[in-house]
Amino acid sequence: MPHADDPLTERIKSDLIARLKTAVGAVADQLGLPAPDRPQVYLEVPKDRRHGDYASNAAMLLGRAARQNPRAVAQTLLETLELSGTQVERAEIAGPGFINLHLKPTWIYDALREVVRLDEDYGRSRAGGGQKFQVEFVSANPTGPLVVVNARAAALGDTLAGVLAWAGYETQREYYVDNMGTQVDTLGKSFELRLRELLGETIEFPEGCYPGSYVIDIAKEFLKERGEAGARRLLGIDDEKARRRELAAHAVERIVAGHKDQLDRYGVHFDEWFSQKSLAESGAVDRAVTTLRKHGHIFEQDGAVWFRSTTFGDDKDRVVVRSNGEPTYFALDIAYHLNKFERGFQKVIDLWGPDHASHVTRMMAMTQALGYPQGTLEILIVQWVRLLSQGQLVKMSKRAGDFVTMEELIDEVGKDAARFFFLMRAAESHLDFDLDLAKLKTADNPVFYVQYAHARVSSLLKQAAQEGFAPQDLPVEALSRLTDPSELELLRKLSYLPEEIAGAAAAREPHRLTRYAIDTATLFHKFYDSCRVLGAEPEVRDARLVLVDAARIVLRNVLGLLGVSAPERM
RNA sequence: GCGCCCAUAGCUCAGUGGAUUAGAGCACCGGCCUCCGGAGCCGGUGGCGCAGGUUCGAGUCCUGCUGGGCGCACCA
């Protein structure tokens, strides 16, 4: 239902959809079409402007369901459709049976006024109705530095969370710290060996330990902090398990701190750093298994405890407690997600790497087995990134050995380019990242293209201010001096921002925003090229200043969501 | 062998519920600055991996094939 706080485009659209629904219902009655066969009604923005501001395919869908000629159905529909008191100027049937709606030209000036009025809140909507969502992302193992794919996930997760928040979902960003298990033990061992090495022992560094130089850095730092005596005291603990645990805890802490630093620098801030260890220590795993058992999804076999995930479509059942009594990683994940569900999120969205893609099915199984509706958990797979330079694959890293780190990437191309480039692609698409292009501080680089538009806008407004002109609160009549096609195209694009954001949120596709940003920048440049602002006759100049200001607002808001800076000068 | 992801212009990718004429950037060719930032604008070359199917209509849905990526632990 339309609401006074909704963005103008949303109000217009939902009002029209409601009317269309009524008409479709009436026509369906006439045709004797039972309720389940009635099409869902929606409006789309036609690619071609000549097809109106909105188009509906309802007649074609109705026609198919009732085995009637779509154009004839469209005719009936149009006669039934009540459009008085709306912004629609004319409605027509086109092509195979589309109903194209043309709005009165003045609505666009209302939209412009709204952009300027809402300013830094322009783009927000209530589409999400305040539902509580969680986005969990990055969640890298604290056994080494963040790498390039983490940077991709960080950009996608952060902007997805931002887009959801703007679309009216209450959104939390969470990072899961995997601070226990085999990998952490291995880290403890690697750390110990490096320490001993630094203290003069001859060490054969074994296969399977972490060879990256970051472990040596941590060891060096540790020595500096605690001194040789402190280090020897720790290494002197006889019980290997206890000793390693302590060492591992220290190394994990350092590494997680490093992750935080890099993410901070990247503009990504989490609301919650959730510790796997504290979860495990709280007895959550037992509770989770007990809950599953209560629902009848647990069985014992070969001395292990299994979750019967095949009940929910998995291709095999999964162990949750090993025969040695240790819970599996999956068991921890069940406990973790149960915890999330119990925190009251209507939707939990996880961003995972492709190496975990095969776990999706068992996670969905678990969600249902715990009694939560399907769809409570959504898992988005973020595909690998390949770095290219001069057409060659870049693989080696100074610090980590096999992988290029997130830190190196940011050092190399900067936060803005990194985030923008990652956000230009859909999460699930394999991505070749062109380092040379991202590094260019010039024309060819799309991120600079958009930033340049913002800088140009800012510069123009500054110039205007120097000449004593500023954007004013103009009525629709004054704004209707904007009639050039380039002005109207830009204005129309600006008016779509709330829908664009709500759409990106609903589809979980934050990458749509980079395209929107590029399109907006293009339309601004075109406008700038064909219309003078300063020096135009006063009424036109004043109207154009408002448009320029609106472009500034939109570019700034979008860049903000992308986590890319909006410079006033470049 | 099984499962998942991907395949659109020379290259990297969009294509948002199936819909009227498939887009952008890079690359290449040709134009536009006495004027608010030419880091811009305008024009041109060029494409849906293959084969079927469903439909009034398929880049989009279904099946098969081919090519590439990732998984298939009582590791995480």
Side-chain angles (χ1 to χ4, degrees), chain A residues 40 42 44-48 50-51 55 57 60-61 63-64 69-70 94-98 100 141 143 178 180-184 186 276 301-306 315-316 318-333 353-361 381 383-384 386 388 391 421 424-426 428-434 437 440-446 448-449 451-453 455-464 467 499-500 503-504 506-507 509 511-512 514-516 518-519 521-522 524-526 528-536 541 544 548 569-570:
Chain A
Q40 207 191 338
Y42 62 94
E44 59 172 30
V45 176
K47 285 183 215 116
D48 190 328
R50 286 169 301 184
H51 299 131
N57 64 350
M60 275 139 29
L61 296 175
R64 157 176 305 178
N69 180 331
F98 287 101
N100 291 340
N141 285 325
T143 53
D178 251 330
M180 57 181 289
T182 327
Q183 300 194 19
V184 170
T186 306
Q276 183 181 64
Q301 188 183 305
D302 306 330
V305 180
W306 298 69
D315 52 5
K316 54 191 270 197
R318 307 289 170 177
V319 171
V320 286
V321 183
R322 290 182 269 239
S323 46
N324 67 4
E326 290 289 315
T328 59
Y329 173 81
F330 179 46
L332 281 153
D333 236 8
D355 48 337
H356 287 73
S358 61
H359 290 231
V360 171
T361 312
I381 299 299
Q383 282 292 348
W384 296 130
R386 300 196 308 170
L388 296 178
F421 270 59
M424 281 197 294
R425 310 293 180 227
E428 69 274 11
S429 76
H430 302 254
L431 160 57
D432 284 351
F433 192 112
D434 185 340
L437 181 61
L440 282 181
K441 298 274 189 275
T442 57
D444 317 327
N445 189 339
F448 281 91
Y449 178 81
Q451 289 181 313
Y452 176 68
R456 213 178 201 188
V457 165
S458 305
S459 163
L460 174 48
L461 289 171
K462 199 181 306 164
Q463 180 78 27
E467 295 178 23
E499 278 184 83
E500 206 71 42
E509 290 180 356
H511 73 276
R512 292 188 193 182
T514 44
R515 179 137 307 261
Y516 177 82
I518 292 169
D519 289 348
T522 300
F524 174 75
H525 288 309
K526 284 185 182 178
Y528 183 90
D529 235 63
S530 49
C531 297
R532 292 279 308 173
V533 177
L534 304 176
R541 177 199 63 212
R544 285 181 178 163
V548 171
R569 279 184 292 128
M570 294 175 68

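Quick caveat: nothing in here was measured; it's all calculated off a predicted structure. Labels below follow one simple rule: chain letters A, B, ... track the order of the sequence lines, proteins then strands, and each chain is numbered from 1.
- Between B:C48 and B:A14, the distance separating the two C1' atoms is 13 Å to the nearest Å.
- Comparing the C1' positions of B:G46 and B:A9 gives an interatomic distance of 5 Å, to the nearest angstrom.
- For the salt bridge (Lys or Arg N to Asp or Glu O under 4.0 Å) test, residues two or more places apart in sequence or in another chain that qualify with A:Asp315 are A:Arg318.
- Two residues, A:Pro327 and A:Leu460, neighbour RNA chain B, and the one matched to the more 5' nucleotide by heavy-atom proximity is A:Leu460.
- Across all strands shown, A:Ala455 has heavy atoms under 4.0 Å from base atoms, whether or not it also approaches the sugar-phosphate.
- Comparing B:G37, B:G25, B:A76 against the side chain of A:Thr328 picks out B:A76 as the nearest.
- Distances from the side chain of A:Phe98 to the nucleotides B:A19, B:A76, B:C35 place B:A19 closest.
- Atom CZ of A:Phe524 and atom P of B:G40 are 13 Å apart (whole Å).
- Nucleotide B:C33 is shown with a syn base, its glycosidic torsion being within 90° of 0.
- Each of A:Val319, A:Val321, A:Asp333 was checked for a side chain to side chain contact (heavy atoms under 4.5 Å, CB included) with A:Thr328, and the lone residue meeting it is A:Val319.
- The side chain of A:Arg425 approaches B:U12 more closely than any other nucleotide in the set B:U12, B:C5, B:G40.
- Ranked by how close their nearest RNA chain B nucleotide is to the 5' end, A:Asp432 and A:Pro70 are led by A:Asp432.
- Contacts of A:Phe330 classified as ring-ring contact (aromatic ring centres under 6.0 Å, His included), with partners at least two apart in sequence or in another chain: none.
- Side-chain proximity of A:Gln276 to the nucleotides B:A76, B:A19, B:C6 is greatest for B:A76.
- In this structure, CE of A:Met424 is placed 13 Å from P of B:G15, rounded to the nearest angstrom.
- Here the separation of B:A22 from B:U60, taken at their P atoms, is 14 Å to the nearest Å.
- The side-chain heavy atoms of A:Val533 and A:Leu460, taken from C-beta on, include a pair separated by under 4.5 Å.
- Looking at A:Tyr528 and A:Val548, their side chains never come closer than 4.5 Å, going by heavy atoms from C-beta outward.
- Within 4.0 Å (heavy atoms only), A:Leu431 reaches sugar-phosphate atoms of the nucleic acid but no base atom.
- Across B:C56 and B:G67, the matching P atoms stand 35 Å from one another, rounded to whole Å.
- Taking atom P in both B:C5 and B:U55, the straight-line distance is 26 Å, to the nearest Å.
- Of the candidate nucleotides B:G37, B:C74, B:A19, B:A19 has the atom lying nearest to any side-chain atom of A:Asn57.
- When distances run from any side-chain atom of A:Leu534 to the nucleotides B:U16, B:U20, B:C36, the shortest one goes to B:C36.
- Residue A:Tyr528 is in base contact, counting any heavy-atom pair closer than 4.0 Å across all strands shown.
- When the P atom is compared between B:U45 and B:G10, the two are found 14 Å apart, to the nearest whole Å.
- In this structure, A:Ser323 reaches the bases: a heavy-atom distance under 4.0 Å links it to at least one base atom across the strands shown.
- A:Asp315 comes within contact range of no nucleotide atom at all, as no heavy-atom separation falls under 4.0 Å.
- Residues A:His51 and A:Phe98 have side chains not in contact (no heavy-atom distance under 4.5 Å, counting atoms from C-beta outward).
- Nucleotides B:A58 and B:G49 are separated by 15 Å at their P atoms, to the nearest Å.
- Remark: A:His359 pairs with A:His356 by the ring-ring contact (aromatic ring centres under 6.0 Å, His included) rule, at least two apart or across chains.
- Here the side chain of A:Gln463 is nearest to one of B:C74, B:A19, B:C36, namely B:C36.
- Stem list for RNA chain B (at least 3 consecutive Watson-Crick or G-U pairs, distances under 3.5 Å): B:1-7 with B:66-72, B:10-13 with B:23-26, B:28-32 with B:40-44, B:49-53 with B:61-65.
- Among the heavy atoms of the strands lying under 4.0 Å from A:Asn100 is at least one base atom, whether or not backbone atoms are also near.
- Counting any heavy atom pair closer than 4.0 Å across all strands shown, A:Asp302 reaches a base atom.
- Under 4.0 angstrom from either OP1 or OP2 of B:A14 there lies at least one side-chain N or O belonging to A:Ser429.
- In this structure, of B:U20, B:G40, B:C74, it is B:G40 that holds the atom nearest to the side chain of A:Tyr449.
- Every side-chain contact (heavy atoms from CB on, under 4.5 Å) that A:Met180 has, sequence neighbours left out, goes to A:Gln276, A:Ala280, A:Leu332.
- With sequence neighbours excluded, no residue forms a salt bridge (Lys or Arg N to Asp or Glu O under 4.0 Å) with A:Asp434.
- One interatomic measurement links the two molecules: CD of A:Glu428 to C1' of B:A14, which rounds to 12 Å at whole-angstrom precision.
- With B:U16, B:G37, B:A14 as the choices, the nucleotide that has an atom nearest any side-chain atom of A:His511 turns out to be B:A14.
- Within the 4.0 angstrom heavy-atom criterion, no nucleotide atom of any strand lies near A:Ile381.
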N/O contacts under 3.5 Å, protein versus nucleotides 42-44 of chain B?
{"residue": "B:C42", "atom": "OP1", "partner": "A:Lys526", "partner atom": "NZ", "Å": "3.0"}

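- Taking atom CD of residue A:Glu500 and atom P of nucleotide B:U16, one finds them 12 Å apart after rounding to whole Å.
- For the OP1/OP2 pair of B:U16 and a distance below 4.0 Å, the side-chain nitrogens and oxygens of A:Tyr42 include no atom meeting the criterion.
- Take A:Ser429 and apply the side chain to side chain donor-acceptor pair (under 3.5 Å) test, not counting sequence neighbours, and it matches no residue.
- Among the heavy atoms of the strands lying under 4.0 Å from A:Arg569 is at least one base atom, whether or not backbone atoms are also near.
- A:Gln383 and A:Glu428 get closest at one heavy-atom pair: CG-O, 3.0 Å.
- By the side chain to side chain donor-acceptor pair (under 3.5 Å) test, A:Glu44 pairs with no residue at all, sequence neighbours left out.
- Atom CG in A:Asp529 sits 10.5 Å away from atom NZ in A:Lys526 (nearest 0.5 Å).
- Residues A:Gln183 and A:Asp178 form no side-chain contact, since every pair of their non-hydrogen atoms from C-beta on lies 4.5 Å or further apart.
- With sequence neighbours left out, A:Phe421 forms a ring-ring contact (aromatic ring centres under 6.0 Å, His included) with A:Phe433.
- When the nucleotides B:A39, B:C41, B:A19 are ranked by their closest atom to the side chain of A:Tyr452, B:A39 comes out on top.
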**Prompt:** How does protein reach along nucleotides 66-71 of chain B, written 5' to 3' as B (base within reach of a heavy atom under 4.0 Å), S (only sugar-phosphate), or - (no contact)?
**Reply:** --BSSS

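- For A:Arg386, the side chain to side chain donor-acceptor pair (under 3.5 Å) criterion is met by A:Asp432, not counting sequence neighbours.
- Only the P atoms considered, B:G64 is 11 Å distant from B:C2, to the nearest whole Å.
- Whole-Å rounding puts the A:Arg318 CZ to B:C74 P distance at 8 Å.
- Both geometric conditions, a ring-centre gap below 5.5 Å and a plane tilt below 30°, are not fulfilled together for A:His525 over the base of B:C41.
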